[in-house]
Amino acid sequence: MPVHMLPNAHSQQQTSQGRQSKMQHSGKSYDRLARFYDAVSHFYSGGQIHALKASQIDELQPGSRILYAGVGGGEDALLAAERGVMLTILDASPLMLERAARKFRAARVYDHIEIICSDVLEHERPVYYDVVVANFFLNIFSEPTMKVVLAHLVTMIKPGGKLLIGDFSYPRGRSTTRAIQCMYYYLSMFTFWLLGGTPLHPIYDYPQFFGDVDLRTQSVKRFKVSALFPVSFAAISAVKM
């Protein structure tokens with residue numbers, strides 16, 4: 001079972017003892033990426049990843065319980081904290097969480113955030129959160145593991161609550177457009193694969209998995225990198241039935 005340590009009333013760290021992680025992702029892999037992850041993603045996406053994350057904030061109501069799973073550097077979680085939500089952030093990478101914590105301290109919102117360093121499958125709070133956010137997180141898993149993680153995240157959402165996903169848009173349209181979207185995606189994924197951060201797999205069409213976990217797609221918003229370059233990211237909002 002996880003061991004809970006409470007340095008203060010608002011910060012929590014969880015570590016697992018006596019069992020192997022159920023996920024094929026190591027926080028140590030993302031420790032190596034922590035220093036430059038935000039800057040590279042901003043450059044690679046032409047700022048559209050940040051725009052996607054900022055668009056999700058309207059889905060969060062002040063005072064609601066929000067979980068950011070695989071929070072990374074925390075730029076989106078910071079926007080949520082400034083909205084006055086009851087915020088929990090979780091990541092398996094201690095260095096990613098430290099970078100997020102620096103942002104919160106600089107914005108003077110650190111005392112209102114619960115910080116958890118853990119495998120997401122170790123974090124069990126059934127029917128607890130109003131919204132769970134998984135931005136560029138589910139894509140670090142192979143498809144079988146991704147479906148396990150997706151189902152686990154949904155168990156923590158209240159009925160009528162939401163799952164928000166930010167990720168690469170699933171390729172649609174003409175064959176040329178689909179091919180360019182896939183090449184753009186694999187450029188990123190191959191780089192992370194070389195660094196040990198993720199397995200290689202196709203772009204996931206998340207809504208096709210929602211029926212198995214009692215989710216209903218509410219909206220899909222796309223963010224194009226350039227008007228001249230047909231690649232995009234998607235902000236998906238789904239409601240738990």
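These values consider heavy atoms only, across backbone and side chains, with no hydrogens, waters or symmetry-generated copies. Please read these numbers as outputs of a predicted model, since none were measured by experiment.
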Trainee: Please check if the distance between the ring centroids of Tyr206 and Tyr170 is under 6.0 Å.
Mentor: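 Ring centroids of Tyr206 and Tyr170 are no less than 6.0 Å from each other.
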Trainee: Got Phe137 and Tyr68 here, is their nearest side-chain heavy-atom distance under 4.5 Å?
Mentor: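 A side-chain contact under 4.5 Å is absent here.
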Trainee: Treating Ile, Leu, Val, Met, Phe, Trp and Tyr as nodes and any side-chain heavy-atom pair under 4.5 angstrom as an edge, say whether Ile66 and Met86 lie in one connected cluster.
Mentor: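 Different clusters: Ile66 never reaches Met86 through Ile, Leu, Val, Met, Phe, Trp or Tyr contacts under 4.5 Å.
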Trainee: Which heavy-atom pair separates Pro207 from Thr217 by the least distance, and what is that distance?
Mentor: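 So the two residues come closest at CB-OG1, 3.5 Å.
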Trainee: For the pair Ser64 (side chain) and Leu60 (backbone), establish whether a donor and an acceptor sit closer than 3.5 Å, ignoring hydrogens and angles.
Mentor: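 Checked: no pair found.
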Trainee: Within the 4.5 Å heavy-atom criterion, are Tyr44 and Ser41 side-chain neighbours or not?
Mentor: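 Side-chain contact under 4.5 Å: no.
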Trainee: Give a yes or no on whether Leu200 and Met183 share a hydrophobic cluster (residues Ile, Leu, Val, Met, Phe, Trp, Tyr; joining criterion: side-chain heavy atoms under 4.5 Å apart).
Mentor: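 Shared cluster, yes.
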Trainee: With rounding to the nearest 0.5 Å, note down the distance linking CG in Leu79 to CG in Asp58.
Mentor: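 Output value for this atom pair is 11.0 Å.
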Trainee: At what distance, to the nearest 0.5 angstrom, does CD1 of Ile165 lie from CG of Asn139?
Mentor: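 If we round to the nearest 0.5 Å, Ile165:CD1 and Asn139:CG are 10.0 Å apart.
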Trainee: Donor-acceptor check, side chain of Asp214 to backbone of Met241, threshold 3.5 angstrom: yes or no?
Mentor: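 No.
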Trainee: Starting from the C-alpha separation in whole Å, work towards a yes-or-no answer on side-chain contact (heavy atoms from CB on, under 4.5 Å) for Ser55 and Phe223.
Mentor: CA-CA 10 Å; Ser55 76; Phe223 295 79; 3.4 Å; yes
Trainee: Going through the checks in order, is the side-chain contact (heavy atoms from CB on, under 4.5 Å) test met by Leu153 and Leu138?
Mentor: CA-CA 10 Å; Leu153 293 178; Leu138 292 171; 4.2 Å; yes
Trainee: Taking all non-hydrogen atoms of both residues into account, name the closest pair between Ile89 and Ala77 and its distance.
Mentor: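 So the two residues come closest at CG2-CB, 3.8 Å.
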Trainee: Tell me the closest heavy-atom pair linking Asp91 and Gly72, and the distance in Å.
Mentor: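 Closest approach of Asp91 to Gly72: OD2-N, 2.9 Å.
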Trainee: Using 4.0 Å as the upper bound for N to carboxylate O, is an ion pair formed by Lys158 and Asp130?
Mentor: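 So Asp130 pairs with Lys158 through a salt bridge.
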Trainee: Hey, is the main chain of Ile49 close enough, under 3.5 Å, to the side chain of Ser45 for a donor-acceptor pair?
Mentor: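 Answer holds: yes.
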Trainee: Just verifying a value: how many Å separate Glu82 CD and Ile57 CD1, rounded to the nearest 0.5 Å?
Mentor: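 One gets 9.0 Å once the value is rounded to the nearest 0.5 Å.
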Trainee: Calculate, to the nearest 0.5 Å, the distance between atoms CE and SG belonging to Met189 and Cys182 respectively.
Mentor: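 Going from CE on Met189 over to SG on Cys182, the span is 12.0 Å.
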Trainee: Would you say Val127 ends up clustered with Leu121 if hydrophobic residues are merged whenever their side chains have heavy atoms under 4.5 Å apart, either directly or through other cluster members?
Mentor: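 Different hydrophobic clusters.
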Trainee: Could you pull out the closest heavy-atom pair between Lys224 and Ala227, with the gap in Å?
Mentor: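 What the structure gives for the nearest pair is NZ-O, 4.0 Å.
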Trainee: Taking the inter-plane angle between the rings of His201 and Tyr185 on a 0 to 90° scale, is it parallel (under 30°), tilted (30 to 60°) or perpendicular (over 60°)?
Mentor: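 The arrangement is tilted - the two ring planes meet at 30° to 60°.
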Trainee: Quick one: which of His50, Arg99, Lys103 gives a side-chain hydrogen bond (donor to acceptor under 3.5 Å, both in side chains) with Glu75?
Mentor: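 So, applying the side-chain hydrogen bond (donor to acceptor under 3.5 Å, both in side chains) to Glu75 and each of His50, Arg99, Lys103, only His50 qualifies.
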Trainee: Verify, without hydrogens or angle tests, whether Ser188 (side chain) and Tyr184 (backbone) share a donor-acceptor contact under 3.5 angstrom.
Mentor: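 Judged by distance alone, no pair lies under 3.5 Å.
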Trainee: Is Arg83 salt-bridged to Glu59, going by a charged N under 4.0 Å from an acidic O?
Mentor: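 Looking at Arg83 and Glu59, the cut-off is not met.
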Trainee: Please find the pair of heavy atoms, one from Tyr204 and one from Ser142, that lie closest to each other, and give the distance.
Mentor: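 Looking at all heavy atoms of both residues, the shortest contact is OH-C, 3.0 Å.
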Trainee: Using modelled atom types and a 3.5 Å cut-off, is there a donor and acceptor pairing between side-chain atoms of Gln181 and backbone atoms of Ser169?
Mentor: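 Yes, the answer is positive, given that a donor and an acceptor are paired below the 3.5 Å cut-off.
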Trainee: Can you classify the ring geometry of Tyr129 versus His123 as parallel (below 30°), tilted (30 to 60°) or perpendicular (above 60°)?
Mentor: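 It falls in the tilted class, 30° to 60°.
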Trainee: Identify whether Val239 and Val213 are in the same connected component of the hydrophobic contact network (ILVMFWY, side-chain heavy atoms under 4.5 Å).
Mentor: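 No: no chain of side-chain contacts under 4.5 Å links Val239 to Val213.
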Trainee: Output yes when a side-chain donor or acceptor of Lys240 lies under 3.5 Å from a complementary backbone atom of Val154, and no otherwise.
Mentor: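 The answer is yes, because a donor-acceptor pair under 3.5 Å joins these two groups.
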Trainee: For residues Phe192 and Ile140, determine if any side-chain heavy atom of one lies less than 4.5 Å from a side-chain heavy atom of the other.
Mentor: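 No. Closest side-chain heavy atoms not under 4.5 Å.
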Trainee: Once you round to the nearest 0.5 Å, how far does CD of Glu122 lie from CG of Leu90?
Mentor: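 Nearest 0.5 Å value for the CD-CG distance: 10.0 Å.
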Trainee: So which heavy atom on Ile113 is nearest to which on Ala81, and how close?
Mentor: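 Heavy-atom minimum between the residues: CD1-CB, 4.0 Å.
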Trainee: Pair Arg125, Thr88 - check side-chain contact (heavy atoms from CB on, under 4.5 Å), show working.
Mentor: CA-CA 12 Å; Arg125 289 182 180 172; Thr88 299; 3.8 Å; yes
Trainee: Quick check for you: to the nearest 0.5 Å, what is the distance between Lys147 atom NZ and Asp212 atom CG?
Mentor: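 Answer rounded to 0.5 Å: 7.5 Å.
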Trainee: Given Lys53 and Phe233, is the side-chain contact (heavy atoms from CB on, under 4.5 Å) satisfied, shown in steps?
Mentor: CA-CA 10 Å; Lys53 293 175 177 179; Phe233 301 93; over 6 Å; no
